[in-house]
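This report refers to the structure that appears directly beneath it.
Scope of the values below: all heavy atoms of this structure, side chains included, with no hydrogens, waters or symmetry mates.
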Amino acid sequence: VYGLRLIAEFIHAVRLFHDAHPEFSFRIDQYGEFRKSDRSLIESLGLTDLFQIHEKVPYDECIERMKEADGVLLFDTILPDHQIQPYLPSKILEYSLLKKQVLAVSTKTSPAYRICKESDAIACVYDRKDILQGLEELLIKKKPSVVRYAQTNAEAVEPLRKKIAESLKK
C-alpha cells in the first residue's frame with residue numbers, strides 16, 4: 001500500500017465486518033511498503049490478529065502467494081473531488097490472469113472501478129459502509145468477483161481518452 005493508496009476506510013470496514021461477523025475467520029496479508037499511520041490504526045482498532053504485514057518479496061514469490069490466496073485486494077488511487085482518475089493499478093492485470101476473487105477499493109471515476117463493474121467483480125468506493133458491503137458480498141454471500149480485464153479495458157479508459165482528446169483541442 002503505497003503512494004496515493006489510502007486504506008484507512010478499508011481498515012475501519014474490517015473492524016465493522018469483524019464486529020458484525022465475529023464467527024468468520026479470515027486474515028489479510030500485506031507484502032511490501034506499509035504506512036506507519038495505517039499500522040497504528042490497525043493496532044488502535046484491535047485488528048492486529050487480522051492483518052499480517054510482511055516485507056517485500058520477489059515478484060515470482062508474490063505471484064505464488066497470490067495464487068495461494070483465497071482472494072486479493074485492489075487498492076486504487078483515491079483522488080479528491082471526484083476528479084477523473086487516470087491511474088490503473090498494474091495488479092488488476094495480474095489478478096485477471098490469475099482469475100482470483102477481487103475486492104477493489106476505488107472511485108467511480110477510475111478505470112479500475114469501471115473494469116471491475118463491467119466484469120461483475122466487487123468494486124467499492126472509498127467509504128467504510130460500501131467496503132463493508134463488499135466484504136460481506138465476497139466473504140459471506142460468496143459472490144463471484146473475478147476481473148475480466150481484456151474484455152473491458154477499452155470501455156474503462158474511454159472517459160480518460162475523451163478528457164485527453166479535449167485537452168489537445170485547446
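Proximity of Val125 to Lys108: side-chain heavy atoms (C-beta onward) are separated by under 4.5 Å at one or more points. Residues Ile115 and Val147 form a side-chain contact, since some pair of their non-hydrogen atoms from C-beta on lies under 4.5 Å apart. Contact annotation: the side chain of Pro144 never approaches that of Asp120 to less than 4.5 Å [non-hydrogen atoms, C-beta and beyond]. Between Lys91 and Cys62 the shortest side-chain heavy-atom distance falls below 4.5 Å. Annotation: side chain of Ile7 is not in contact with side chain of Val105 (no heavy-atom distance under 4.5 Å). Here the side chains of Glu136 and Phe17 are in contact, with some heavy-atom distance below 4.5 Å. Taking the side chain as every heavy atom from C-beta outward, Ile11 and Leu47 approach each other to under 4.5 Å. Within the 4.5 Å cutoff, no side-chain heavy atoms of Leu79 are placed close to those of Thr107.
Listed for the Arg148 side chain is a donor-acceptor partner under 3.5 Å among the backbone atoms of Ser119. Side-chain atoms of Ser40 come within 3.5 Å of backbone atoms of Lys36 as a donor-acceptor pair (strictly under, hydrogens ignored). With hydrogens and angles ignored, the 3.5 Å screen pairs no side-chain donor or acceptor of Gln30 with any backbone N or O of Ile53. In this structure, Arg114 contributes its side chain and Thr109 its backbone to a donor-acceptor pair below 3.5 Å.
Using a 4.5 Å cut-off between side-chain heavy atoms of Ile, Leu, Val, Met, Phe, Trp and Tyr, with links allowed through other members, Val146 and Tyr95 fall into different hydrophobic clusters.
Look at Glu61 and Arg65 and you find a salt bridge, because one of the NZ, NE, NH1 or NH2 atoms lies within 4.0 Å of a carboxylate O, short of that distance. The pair Asp29-Arg27 meets the salt-bridge criterion, since a charged nitrogen lies less than 4.0 angstrom from a carboxylate oxygen.
Taking CG from Asp38 and CD from Glu43, the interatomic distance works out to 11.0 Å, rounded to the nearest 0.5 Å. Considering NZ of Lys129 and SG of Cys124, their distance stands at 14.5 Å, rounded to 0.5 Å. The structure places CZ of Arg5 at 9.5 Å from OH of Tyr87, a figure rounded to the nearest 0.5 Å.
Side-chain contact of Asp70 with Gln101: a donor-acceptor pair under 3.5 Å is absent, judged by distance alone. Under 3.5 Å, the side chains of Glu94 and Tyr59 contain a donor-acceptor pair of N or O atoms.
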Working note: Gln52 + Ile28, criterion side-chain contact (heavy atoms from CB on, under 4.5 Å); need CA distance, chi angles, decisive distance, verdict. CA-CA 6 Å; Gln52 299 297 310; Ile28 298 163; over 6 Å; no
With salt bridge (Lys or Arg N to Asp or Glu O under 4.0 Å) as the test, would you mind laying out the steps for Glu64 and Lys67 before giving the verdict? CA-CA 5 Å; Glu64 288 303 313; Lys67 283 173 32 183; 3.1 Å; yes
Going through the checks in order, is the side-chain contact (heavy atoms from CB on, under 4.5 Å) test met by His18 and Leu50? CA-CA 9 Å; His18 188 61; Leu50 300 180; 3.9 Å; yes
Please step through side-chain contact (heavy atoms from CB on, under 4.5 Å) for the pair Arg35 and Leu6, ending with a clear verdict. CA-CA 10 Å; Arg35 287 191 195 106; Leu6 303 175; 4.2 Å; yes
Apply side-chain contact (heavy atoms from CB on, under 4.5 Å) to residues Phe26 and Val14 and explain how you reach the verdict. CA-CA 10 Å; Phe26 67 100; Val14 169; 3.9 Å; yes
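A pairwise comparison of heavy atoms in Phe34 and Arg39 identifies CE2-N, 3.6 Å as the closest pair. Between Lys143 and Leu138 the shortest heavy-atom distance is O-CD1, 3.9 Å. Here the closest heavy-atom approach between residue Phe24 and residue Ile140 is recorded as CD1-CD1, 3.7 Å. The shortest heavy-atom contact between Phe75 and Pro89 is O-CG, 4.3 Å. In terms of heavy-atom proximity, Leu45 sits nearest to Arg15 at O-NH1, 2.6 Å. The two residues Ala123 and Cys116 have their closest heavy-atom pair at CB-CB, 3.7 Å.
Here Tyr126 and Phe10 keep their ring centres 6.0 angstrom or further from each other.
Here Leu97 pairs with Leu93 under the side chain to side chain contact (heavy atoms under 4.5 Å, CB included) rule; sequence neighbours left out. Listed by chain and residue number, Leu41 satisfy the side chain to side chain contact (heavy atoms under 4.5 Å, CB included) test with Ser44 (two or more places apart in sequence, or in another chain).
Evaluated for a side-chain contact (heavy atoms from CB on, under 4.5 Å) with Ile122, the options Val102, Leu74, Leu135, Leu103 yield exactly one hit, Leu103.
Classified by interplanar angle (parallel below 30°, tilted 30° to 60°, perpendicular above 60°), the ring pair Tyr31/His54 is parallel.
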